[in-house]
Amino acid sequence: MKMLSQHIGAFIIGAGLLYAMSLFVGSNSDTSPLFQIMKYWGIVLAIDAATSISYVIFPKK
């Protein structure tokens, strides 16, 4: 669970930086690749959370 909390923290920092980059670039250019990265990273975060929670519910013996 400690690693999951670190992953969530990294996601929050990374998402904030990607959002700041999209604001810096402005609306004149296409910033959709930045948000695509956040989408994939969110999927990885969800898989990590599911795995971590499964280890809490069903610990290894």
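All values derive from a computational prediction rather than experimental measurement.
- Hydrophobic clustering, with ILVMFWY side chains joined whenever heavy atoms are under 4.5 angstrom apart, groups Leu23 together with Leu18.
- Using a distance-only test at 3.5 Å, with no hydrogens or angles considered, a donor-acceptor pair links the side chain of Ser5 to the main chain of Lys2.
- Trp41 is listed as a side-chain neighbour of His7, based on a closest heavy-atom distance under 4.5 Å.
- Hydrophobic clustering, with ILVMFWY side chains joined whenever heavy atoms are under 4.5 angstrom apart, groups Val56 together with Leu4.
- Under a hydrophobic clustering in which Ile, Leu, Val, Met, Phe, Trp and Tyr are joined whenever their side-chain heavy atoms come within less than 4.5 Å, directly or via other members, Met21 and Ile13 fall into different clusters.
- Between Ser22 atom OG and Met38 atom CE the span is 7.5 Å, to the nearest 0.5 Å.
- A continuous path of ILVMFWY side-chain contacts below 4.5 Å connects Ile12 to Leu45, so both sit in one hydrophobic cluster.
- Shown here for Tyr55 and Lys60, the closest heavy-atom pair between the two residues is CE2-CE, 3.8 Å.
- Met3 has its side chain out of reach of Asp48: every pair of non-hydrogen atoms, C-beta onward, lies at least 4.5 Å apart.
- Residues Tyr19 and Ile37 share a single hydrophobic cluster, defined by chaining ILVMFWY side chains whose heavy atoms lie under 4.5 Å apart.
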